[in-house]
Amino acid sequence: MSKNWRPATQLVHGGTTRSQHGETSEAIFLTQGFVYETSEAAEARFKGETEGFIYARYGSPTNDMFEKRMCMLEGAEDARATASGMAAVSAAILCQLKAGDHIVAARALFGSCRWVVETLAPKYGIECTLVDGRDLANWEKAIQKNTKVFFLESPTNPTLEVIDIAGVAKLANQIGAKVVVDNVFATPLFQKPLELGAHIVVYSATKHIDGQGRCLGGVVLADKEWINENLHDYFRHTGPAMSPFNAWTLLKGIETLPLRVRQQTETARRVADFLAEQPQVAKVIYPGRKDHPQADIIAKQMTGGSTLVAFELKGGKDAAFALQNALEIVRISNNLGDSKSLITHPATTTHKNLTDEAREELGISAGTVRFSAGIEDSEDVVEDFARALEAVKA
Ligand SMILES: *Cc1c(COP(=O)(O)O)cnc(C)c1O
C-alpha cells in the first residue's frame with residue numbers, strides 16, 4: 001500500500017484485505033469471536049505473540065479495514081472505530097483524564113460534545129473551562145497547572161466559526177497538554193489537524209463519511225503511543241466498538257467521499273453566494289467566502305470551503321420557519337453531510353437546550369439557519385432557495 005496515494009485513491013483501496021475468495025468489494029465479517037487451531041495458538045494470541053483477532057469488542061477484520069483506511073487518509077498511525085461520533089468524542093477525552101485534571105474547551109461545540117465536557121466530566125472530578133476559542137489569548141488565560149486537554153471543533157456548529165488549530169497546539173505543547181480536534185465540519189479532505197499540530201482527531205462518521213444517511217459511526221485517530229497508553233484498554237473494557245456491518249457501510253461510503261464532498265461544496269458555495277445577495281438575508285457565513293470573519297485562518301489551515309452554510313434571516317424565527325417550510329428539495333433535518341440537502345433552525349432544535357445568553361454568545365439568533373448541501377444538481381438547489389425565499393418577506 002502506498003502512502004503516497006492521493007486521497008481519492010486511498011479511499012477506494014486503502015486498508016483492503018481479501019479473504020481466500022479474492023472478493024472485489026470488502027467483505028463483512030459479522031462475527032463476535034474467532035477460533036484457534038490449537039490451545040497453544042489461543043495462548044499465543046492472548047499473550048500478543050501472534051497477530052490476529054480475539055473478540056469483536058477489541059477489533060475485527062471489517063473494522064480493521066475501516067480503521068486502516070481512515071489512518072491513511074488522516075495521516076495517523078492508529079485508530080479505533082466507535083459506534084457513534086459521541087462514543088469517539090467521549091472515549092478520546094475520558095480515556096486520558098482522571099479526577100483533578102482540567103480541560104479547556106471552545107464553547108462553540110456540538111451540543112453533546114459540550115455536555116461531555118461541561119456536565120459529565122465534572123461529575124468525575126475533571127474540571128472544564130469553556131472559552132471563546134476564536135481568540136488564542138482566551139486559551140492561554142484559561143490554562144491551569146492541571147490542564148491536560150484542549151478540545152475544539154473547527155469550523156463550529158452551527159455558526160462556522162474557525163479556530164487557529166496550530167496556535168492552540170503551540171500553547172498545548174508548552175504545557176504538555178493534548179489537543180483533541182473534532183474535525184467533522186471540515187471533513188478529512190479539507191483539514192488535517194494532525195499536520196497542524198493537534199494530537200488526536202475524532203470524527204462522527206455518521207456525517208460525510210457515511211454520507212448517505214444510513215448508520216452511526218465514529219473514529220478516534222492518533223499516534224500509536226497515545227493509543228496504546230490511553231485508548232487501548234479504555235476501548236477494550238468500556239465497549240464502544242462499532243458494529244462490523246456499520247464498518248462495512250462506512251468503508252463503502254468513504255469510497256465516494258471526495259466525489260460527494262466536491263459536489264456538496266460546489267452547491268454550498270453557490271447557495272452562499274446566492275443568499276448573500278438576497279434582501280431577506282442579513283448575513284451569510286461560509287468558510288469559502290472572502291467575507292468570512294476569519295478568512296485569514298481559513299486560508300492557513302483549510303484546503304476547501306465547506307459543505308455547510310450558516311445564514312441569518314432578517315425576519316427572525318417566522319422567516320426561518322417560512323423558508324424551511326417552503327423548500328421542496330431541501331428537507332428539514334438536524335443531520336448534516338448527507339447526500340440529501342438538509343436545513344435546520346438551530347435555536348429551536350439542536351441548540352434549544354442552551355440558555356438564551358449562551359446562544360447569543362455563539363451568534364445563534366432566532367433568524368439563524370444552517371444549510372447542509374447534498375449531492376443534487378446545484379442549479380436545482382439554488383432554484384429551490386430562490387422560490388422558497390418568495391415566502392419570506394424582505
Ligand atoms: C454529529 C456530530 C457529533 C456526534 O456524532 P454522532 O455520530 O451523532 O454520535 C459530534 N461532533 C460533531 C461536530 C457532529 O456534527
Side-chain angles (χ1 to χ4, degrees), residues 63 66 70 74 79-94 103 105-121 130 133 149 151-163 165 179-191 193 198 200-221 235 238-243 245-247 249-250 253-254 257 261 264 268 287 302 306-310 333-338 340 342-344 346 349-351 353-354 362 364 370-374:
N63 294 39
F66 172 69
M70 283 303 302
E74 199 64 43
R80 292 291 183 275
T82 56
S84 69
M86 284 321 303
V89 169
S90 53
I93 291 177
L94 298 176
I103 305 170
R107 67 188 181 193
L109 289 176
F110 183 78
S112 299
C113 294
R114 188 158 158 165
W115 184 85
V116 168
V117 292
E118 195 178 25
T119 306
L120 180 68
L130 291 173
V149 166
F151 178 49
L152 64 95
E153 183 181 311
S154 182
T156 63
N157 176 37
T159 49
L160 308 176
E161 289 175 0
V162 171
I163 294 172
I165 297 173
V179 178
V180 180
V181 175
D182 179 338
N183 206 38
V184 166
F185 271 55
T187 81
L189 297 171
F190 289 161
Q191 180 166 275
I200 298 117
V201 184
V202 292
Y203 288 99
S204 164
T206 312
K207 311 297 165 53
H208 306 82
I209 292 173
D210 175 20
Q212 290 154 84
R214 298 164 297 193
C215 57
L216 300 180
V219 60
V220 184
L221 300 119
F235 184 84
T238 64
M242 175 185 281
S243 147
F245 181 81
N246 287 5
T249 310
L250 296 165
I254 44 177
L257 180 74
V261 168
Q264 289 169 319
M302 293 183 71
S306 173
T307 66
L308 292 124
V309 181
S333 174
N334 45 288
N335 205 1
L336 63 100
D338 200 285
K340 295 177 170 55
L342 304 174
I343 197 159
T344 194
T349 60
T350 53
H351 291 70
N353 288 339
L354 292 180
L362 298 177
I364 303 167
R370 186 194 77 192
F371 167 64
S372 168

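All heavy atoms count here, side chains included; hydrogens, waters and symmetry mates do not. We count ligands from 1, going down the list as the structure has it; atoms in each ligand are counted the same way. Fair warning: this is a prediction, and the values are worked out from it, not measured in the lab.
Remark: the backbone N or O of Arg107 is paired with a side-chain donor or acceptor of Arg114 at under 3.5 angstrom. Judged purely by atom type and a 3.5 angstrom limit, Asp338 uses its side chain to pair as donor or acceptor with the backbone of Gly213.
Under 3.5 Å, the side chains of Asn157 and Arg370 contain a donor-acceptor pair of N or O atoms.
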Write 'none' if nothing qualifies; otherwise put on separate lines each N/O atom of ligand 1 with a protein N/O atom under 3.5 Å away and their distance to 0.1 Å.
| unit_1 | atom_1 | unit_2 | atom_2 | d |
| --- | --- | --- | --- | --- |
| ligand 1 | 5 (O) | Ser204 | OG | 3.0 |
| ligand 1 | 7 (O) | Gly85 | N | 2.8 |
| ligand 1 | 7 (O) | Ser204 | OG | 2.8 |
| ligand 1 | 7 (O) | Thr206 | OG1 | 2.6 |
| ligand 1 | 9 (O) | Gly85 | N | 3.0 |
| ligand 1 | 9 (O) | Met86 | N | 2.8 |
| ligand 1 | 11 (N) | Asp182 | OD2 | 2.6 |
| ligand 1 | 15 (O) | Lys207 | NZ | 2.8 |

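With a 6.0 Å cutoff to the six-membered ring centre and a 45° limit on the axis angle, Lys207 counts as a cation-pi contact of Phe110.
Using a 4.5 Å heavy-atom threshold, the side chains of Glu153 and Val184 count as separate.
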Check: How far apart are the C-alpha atoms of Leu342 and Thr344, what are their side-chain angles, what is the distance that settles it, and do they pass the side-chain contact (heavy atoms from CB on, under 4.5 Å) test?
Finding: CA-CA 7 Å; Leu342 304 174; Thr344 194; over 6 Å; no
